[in-house]
Amino acid sequence: MTRIFETPLYPYQRSPDQDAPKCVRHPVVVVGAGPIGLAMAIDLAQQDVPVVVLDDNDKVSFGSRAICFAKRPLEILDRLGCGETMVKKGVTWNVGKVFTDTRETYSFDLLPEGGHKNPAFINLQQYYLEEYLVRRVRELEADGKPIEIRGRNKVAALSDNGGFVRLEVETPEGPYNLEADWLVACDGANSSARRMLGHDFVGKVFEDNFLIADVVMDADFPTERWFWFDPPFNRGQSALLHKQPDNVWRIDFQLGWDIDREEELKPENIDRRLRAMLGDDVEYELEWSSIYTFQCRRMEKFRHGRVLFAGDAAHQVSPFGARGANSGLQDTDNLFWKLKLVLDGTAPETLLDTYSAERTYGADENIVNSTRSTEFITPKSEISRLFRDAVLDLAVDHEFARPLVNSGRLSVPCTYDGSPLNGPDTDALPHGLRPGAPATDAPLDGGWLLDRLGNRFQLLLIGCEGPDSLEESGVDVEVLHLDPAKNPEIGSRYLGGAPKAVYLLRPDQHVAARWVDHDEAAVRAAVRRAIAKG
Amino acid sequence: MSRLNTKPNMADADEFYARLMAAHDGLTKTQSDALNARLILILANHVGDAKVLNEALEAATNSARQQAGISGKEGRKP
């Protein structure tokens, strides 16, 4: 079987830039064609911002890697034109079970509230996501959008000259130079862009190893996330079982710190572990295996002059909680419109500093959650193990201890509380939709609200009179009149008990400001504030 | 807003203390540690209020610090 990650999807092709007499300048160069780099490029191209993606490889990622995609990133991928394909192919799940030894300690149900287009979570191999993103790039190219992926184009040197970034790129046919007004580094945890520019990346190393074995098998386990503390088949450690499409199962064994990597990765040793877990008669095919260690860390700032860092290049967390790829997609969601407004000259460059402010805030939230999960899963002192075991034991009979069981706090969308872009708020409207929060989905006129939102500034007039359009400081604000009487979920989610409301939304669907009645001067001031002109 | 009650609050303090000791009777150090951890978690949940729990953590930390001879900013004067 030829797997998708063995096929070159963007093979090297000579670019006219390589033969240009003078070094060619592009508005935006993205380094890295992983999920985050591709999402960044698609988002910019959809806004007609010309973008070139450079990658030292020509294939999607090897192995399944990130497999859990949360609702908010699916909503972002919907805006990029890939969300529906993802959900159709992915495995939707809601239930998680936690076992200690052989006992079920507790289970949770994400029980998604009705009236949302996207599920709480799907599982899907990262290579599918990358394949769909590459396909979307091809569609945009066919539509004449200014987007280009250059495979086997390795960035060998990088310098920020203040007014632009200069790159030296190596190809199979020799090196060439490029310039970029802005560079977005999406080149992963070992980011060479970050290293070449000499930036910090500090945090906490967790002294533990985990073995991933993705196996293809016909198994009748339910579509649930199963997590074991101290199971008989992996004594003193943890394990995870999770379903992916195509009968692929993610199995994750904690190994401890002092191990022999090469020995552990030998097929016969992986086989021994799998048989201890699944039984001697199981038939399976090993699709991918890998041993990983992890760190929780981030760059101090995600903007350094004309270079912006996104995804794992900027921040890294443990895999517990699915906060890696999911947070990287929230980075590009935050950045695309800011970069567009700055390139257009509509907003000052300081708007890009708010990318750093908002996404370091998001990264800190993820680091806190993932560090806490890691400390619970892999206690590093006698006393932390003592309390961990006490919690697991109490959780069987005592409901109160179950919320303390931490096998990963699953990714939730970030609300940018305290952002300098946030405008006025009011207590009269639901707390969950305060400025900084992403808009909540709801059924709208037979479709979905979120399908109508994003890519531009929008003013939602809910049960409220107001203008049909608005222009402020070069920003066109689209006005949507929503009738809560015809769309009861919009009423309950956006109004709470209030009779009417006005929401100003950013192009990333986050709330910029809100009021209980329309006031044009206030809306104009909030638009200026949201583009760092206020 | 409730605060940590550090005034005498048990009707029969001697009786509670005796029961606490009895619960640990015959246990090894490891078993006693396990019992204490469970007791702390059960009582902490009963209290619930984050402010009271923080004050309790602080009071315990200061007392333990004092015993260890470390003078902290929050340490009580003798």
Side-chain angles (χ1 to χ4, degrees), chain A residues 98-108 227-232 235-238 364-365 368-369 371-409 412 415 417-418 427 431, chain B residues 1-6 9-10 15-76:
Chain A
V98 176
F99 302 89
T100 305
D101 198 344
T102 54
R103 287 179 306 182
E104 184 179 326
T105 313
Y106 101 114
S107 68
F108 59 85
F227 192 98
W228 285 265
F229 290 101
D230 192 24
R235 240 344 139 203
Q237 309 284 6
S238 65
D364 284 345
E365 207 171 81
V368 163
N369 278 291
T371 302
R372 287 175 177 172
S373 301
T374 306
E375 281 170 358
F376 193 88
I377 292 165
T378 66
K380 286 297 175 278
S381 72
E382 209 181 311
I383 196 74
S384 68
R385 180 170 287 271
L386 179 79
F387 274 102
R388 200 282 302 268
D389 291 346
V391 165
L392 290 174
D393 202 31
L394 286 168
V396 178
D397 292 324
H398 300 283
E399 209 181 323
F400 87 84
R402 291 169 202 164
L404 293 169
V405 175
N406 191 343
S407 71
R409 299 285 181 234
V412 290
T415 295
D417 285 317
D427 287 341
H431 181 68
Chain B
M1 190 75 74
S2 39
R3 303 210 52 177
L4 179 70
N5 184 0
T6 54
N9 192 34
M10 288 186 274
E15 176 66 15
F16 166 72
Y17 196 82
R19 282 181 179 274
L20 182 62
M21 292 307 109
H24 283 276
D25 242 0
L27 300 187
T28 63
K29 170 81 168 86
T30 311
Q31 289 165 335
S32 270
D33 285 345
L35 173 67
N36 283 338
R38 283 157 178 75
L39 191 58
I40 289 167
L41 292 168
I42 289 167
L43 293 175
N45 179 68
H46 182 81
V47 171
D49 188 312
K51 194 166 175 291
V52 177
L53 289 171
N54 286 338
E55 286 181 31
L57 280 168
E58 204 177 304
T61 303
N62 288 342
S63 165
R65 221 185 242 161
Q66 220 172 19
Q67 196 233 339
I70 307 161
S71 61
K73 212 167 47 182
E74 309 90 31
R76 264 178 290 163

Problem - chain B contacts, top residue of Val391(A), Asp389(A), Asp393(A) (heavy-atom pairs, under 4.5 Å) - result: Asp393(A)

Handout entry: Which portion of Ile42(B) sits near chain A, non-hydrogen atoms under 4.5 angstrom
Key = both

Exercise for the section: Could you tell me whether the side chain of Ser381(A) and the main chain of Ser384(A) form a donor-acceptor pair under 3.5 Å? Expected result: yes

Handout entry: Asp33(B) bridged to Arg38(B) by N-O distance under 4.0 Å
Key = no

Practice task
Step by step, work out the side chain to side chain donor-acceptor pair (under 3.5 Å) result for Thr374(A) and Thr371(A).
Solution key: CA-CA 5 Å; Thr374(A) 306; Thr371(A) 302; 5.9 Å; no

Handout entry: Inter-chain contacts: residues 395-409 of chain A against chain B, heavy atoms under 4.5 Å
Key = Phe400(A), Leu404(A)

Exercise for the section: Please determine if Asp101(A) and Arg235(A) form a salt bridge, counting it only when a charged side-chain N lies under 4.0 Å from a carboxylate O. Expected result: yes

Handout entry: Asp427(A) atom CG, neighbour heavy-atom count above 12 within 6.0 Å
Key = no

Problem - salt_bridge(Glu55(B), Arg3(B)) N-O dist < 4.0 Å - result: yes

Exercise for the section: Please work out whether the ring planes of Phe376(A) and Phe229(A) are parallel, tilted or perpendicular, with thresholds of 30° and 60°. Expected result: perpendicular

